[in-house]
Amino acid sequence: MPIRIYNTLSRKKELLQPLEENHVKLYVCGITSYDYCHIGHARSALVFDMAVRYLRYRGYQVTFIRNFTDIDDKIIARAAEQGVESGILAQRFIDEFYTDMDALGILRPDLEPRATEHIPEMIELVQELIDKGLAYPSGGDVYYRVGRFGEYGRLSGRSLDDMQAGARIEVNAQKENPMDFALWKQAKPGEPKWESPWGEGRPGWHIECSAMSRKYLGETFDIHGGGKDLIFPHHENEIAQSSGASGKPFANLWMHHGFVTIKDEKMSKSLGNFLTIRDVLRQYPAEVLRLFIFSTQYRNPLDFTEAALQDARTSLDRIYECLATIAGLPEGTDNGNTIVSKKDRNKLQNLKSRFEQAMDNDFNTAQALGFLFDGVKVMNKVARMLPEHPVHEDLALLRTAGEDLRELAGILGVATRDAVQYVVEKKEKLLATIDLSEEEINSLIIRRNAARENKDWAASDAVRDQLLAHNIELHDGPEGTTWDVK
RNA sequence: GGCGACGUAGCCAAGUGGUAAGGCAAUGGUCUGCAAAACCAUUAUUCAGCGGUUCAAAUCCGCUCGUCGCCUCCA
């Protein structure tokens with residue numbers, strides 16, 4: 001089964017056909033490191049983490065590159081504010097980024113190049129563009145001559161005329177055309193700078209990705225990704241630079257994920273409505289956040305609400321409890337017949353193929369999770385119906401399905417912990433919040449059971465209410481009374 | 001103003017030509033002295049509205065309304 005991915009360039013889902021047999025080369029735009037990362041950054045990291053894990057699961061070799069922008073106007077401005085060197089500030093937030101990524105369980109990319117470590121490559125590329133007449137030095141800066149690149153605007157679906165008609169265009173007398181963008185910026189006093197043929201300065205924002213992707217992946221590679229907000233101008237400009245220089249296609253497929261919103265508005269620094277990754281992780285485990293992120297397909301907007309996170313938490317418990325149930329299945333026997341209906345058996349046996357079918361369709365994690373939960377439902381049902389000594393066949397079916405569930409959820413970075421331990425730990429955690437000792441609880445239960453023996457329901461219920469006031473719930477089962485923290 | 005996306009049950013969300021996955025919540029059942037927990041079951045004749053194409057549309061086309069995004073740094 002082929003994998004289809006929505007390509008921003010063609011506005012269609014296209015078959016993934018790597019240039020090299022079975023080897024996918026992926027470049028993703030990483031962060032500009034000047035502040036803590038928010039949930040939007042988490043979505044970006046999580047989406048591509050999922051994509052890479054899935055492609056590898058499907059047998060592809062993946063070379064995954066994600067860069068750091070460690071030199072840029074905002075870094076310089078923030079560093080100046082704080083009175084530190086921009087390189088120090090950039091490194092500090094790269095460290096903070098790693099803290100967040102590790103907490104989220106994100107796999108490290110194969111390569112994480114930094115802009116400042118590729119200045120010579122960028123200068124070389126800028127020179128090539130000048131030599132081709134696609135760029136021009138002007139007053140210590142170098143600009144890209146967008147009018148010379150016929151494809152300009154194709155990715156973002158706009159023409160130069162459209163953009164100039166309605167846009168607020170910065171006034172810059174050094175540019176031939178207001179839409180021309182900087183490849184190289186002359187250093188102002190006190191700013192970080194590098195030697196170049198055009199004088200001391202620093203690279204423009206877009207050139208780093210063109211230079212670094214070319215160095216590590218070649219002139220043309222398979223997939224380039226990032227957030228939707230990078231389509232214009234960043235990725236449009238990258239294409240202009242890279243294709244302009246090479247005369248070849250740049251990335252074959254462009255993958256762009258949607259935003260995280262709050263009250264249906266884009267989460268962003270400028271609106272001040274952002275939550276940092278660590279803010280959220282203080283309240284919810286990473287797996288819950290992952291489940292939330294993957295509850296919708298990556299291209300759609302995703303609205304962040306407490307309720308949605310709570311839902312995700314509940315459904316994560318559901319997966320773990322199902323796995324724990326399967327881990328605790330009794331011994332089997334050879335005598336007897338299966339109790340599993342053909343329909344249920346098929347659902348469990350097809351868990352993988354259903355999951356793959358969803359994921360092959362532009363990484364439709366929402367549908368994939370739907371199939372997984374459908375599997376959980378069937379597993380619970382079958383486990384519940386099992387007799388005291390189930391036949392080996394049924395046990396094997398459940399255990400295999402449980403293993404499949406674990407493996408598939410693992411692609412989303414979910415249900416990666418030991419299920420039995422998860423359930424135990426969850427209970428222990430709740431236990432720590434109560435203010436009664438086990439002895440006190442047990443003696444109250446004994447007292448209640450005595451009352452129940454005597455059918456003194458009022459006294460019995462009084463004890464139950466008393467315990468409930470301490471958040472302790474009683475479960476009267478066939479084996480006696482057990483308790484749990486609510 | 002230009003370009004684009006989206007609008008599916010109380011909430012979230014799949015489904016992109018063949019007759020509505022899944023999760024949360026709710027309700028019912030099993031269990032229980034009654035409960036709780038757990039599990040199971042049920043829950044949209046209908047997909048923003050109005051037209052059109054088609055044997056057949058939530059899915060394609062047009063218009064209207066609504067929400068959001070990009071056009072400036074942004075994941």
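Every chain is numbered from 1, with letters handed out A, B, ... down the list of sequences.
Taking A:Tyr27 as the reference, A:His224 meet the ring pair (Phe, Tyr, Trp, His ring centres under 6.0 Å) condition, with sequence neighbours excluded. Every ring pair (Phe, Tyr, Trp, His ring centres under 6.0 Å) that A:Phe68 has, sequence neighbours left out, goes to A:Phe97, A:Tyr98. Listed by chain and number, the residues in a ring pair (Phe, Tyr, Trp, His ring centres under 6.0 Å) with A:Phe304 are A:Phe292 (sequence neighbours excluded). Partners of A:Glu440 by salt bridge (Lys or Arg N to Asp or Glu O under 4.0 Å), not counting sequence neighbours: none found.
Across all strands, A:His234 comes closer than 4.0 Å to no nucleic acid atom at all (heavy-atom distances). Across all strands, A:Gly227 comes closer than 4.0 Å only to sugar-phosphate atoms, never to a base (heavy-atom distances). Here A:Lys74 lies in heavy-atom contact (under 4.0 Å) with a base. Across all strands shown, A:Arg158 has heavy atoms under 4.0 Å from base atoms, whether or not it also approaches the sugar-phosphate.
For the C1' atoms, the distance linking B:A48 with B:A58 amounts to 12 Å, nearest Å. Atom C1' of B:A57 sits at a distance of 16 Å from the matching atom of B:G49, rounded to the whole Å. Annotation: B:U27 and B:U46 have their P atoms spaced 25 Å apart (nearest Å). The gap from the C1' atom of B:C50 to that of B:G7 amounts to 16 Å, rounded to the nearest Å.
One finds no side-chain N or O of A:Lys266 lying less than 4.0 angstrom from the OP1 or OP2 phosphate oxygen of B:A75. Residue A:Lys377 places no side-chain N or O under 4.0 Å from the OP1 or OP2 atom of B:C40.
Within a 6.0 Å sphere centred on CZ of A:Arg447, other residues, nucleotides and ligands contribute 12 heavy atoms or fewer.
For the pair A:Lys175 and A:Phe181, the cation-pi criterion (under 6.0 Å, within 45° of the ring axis) is not fulfilled. Cation-pi contact between A:Lys266 and A:Phe259: present, with separation from the ring centre below 6.0 Å and deviation from the ring axis of at most 45°. Because its NZ or CZ atom is not both nearer than 6.0 Å to the ring centre of A:Phe48 and within 45° of the ring axis, A:Arg66 does not count as a cation-pi partner of that residue.
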Inset, instruction - Give the B/S/- string for nucleotides 4-19 of chain B, one per nucleotide from 5' to 3', where a protein heavy atom under 4.0 Å of the base yields B, of only the sugar-phosphate yields S, and otherwise -. - result: ---------SSS----

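Of all nucleotides listed (B:C70, B:C73, B:C39), B:C70 comes nearest to the side chain of A:Phe259.
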I'd like a table of atom pairs between the protein and nucleotides 34-37 of chain B - only N or O on both sides, under 3.5 Å - with the distance next to each one.
unit_1 : atom_1 : unit_2   : atom_2 : d
B:C34  : O2     : A:Arg464 : NH2    : 2.9
B:C34  : N3     : A:Arg464 : NH1    : 2.6
B:C34  : N3     : A:Arg464 : NH2    : 3.2
B:C34  : N4     : A:Arg464 : NH1    : 3.0
B:C34  : N4     : A:Asp476 : OD2    : 3.3
B:A35  : N6     : A:Asp476 : N      : 3.3
B:A35  : N1     : A:Leu474 : O      : 3.3
B:A35  : N3     : A:Arg464 : NH1    : 2.9
B:A36  : O2'    : A:Glu473 : OE2    : 3.3
B:A36  : N3     : A:Leu474 : O      : 3.3

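Remark: ring of A:Trp457 stacked against base of B:G33; centroid gap under 5.5 Å, plane tilt under 30°.
With ring centers used as reference points, A:His235 lies under 6.0 Å from A:Trp254.
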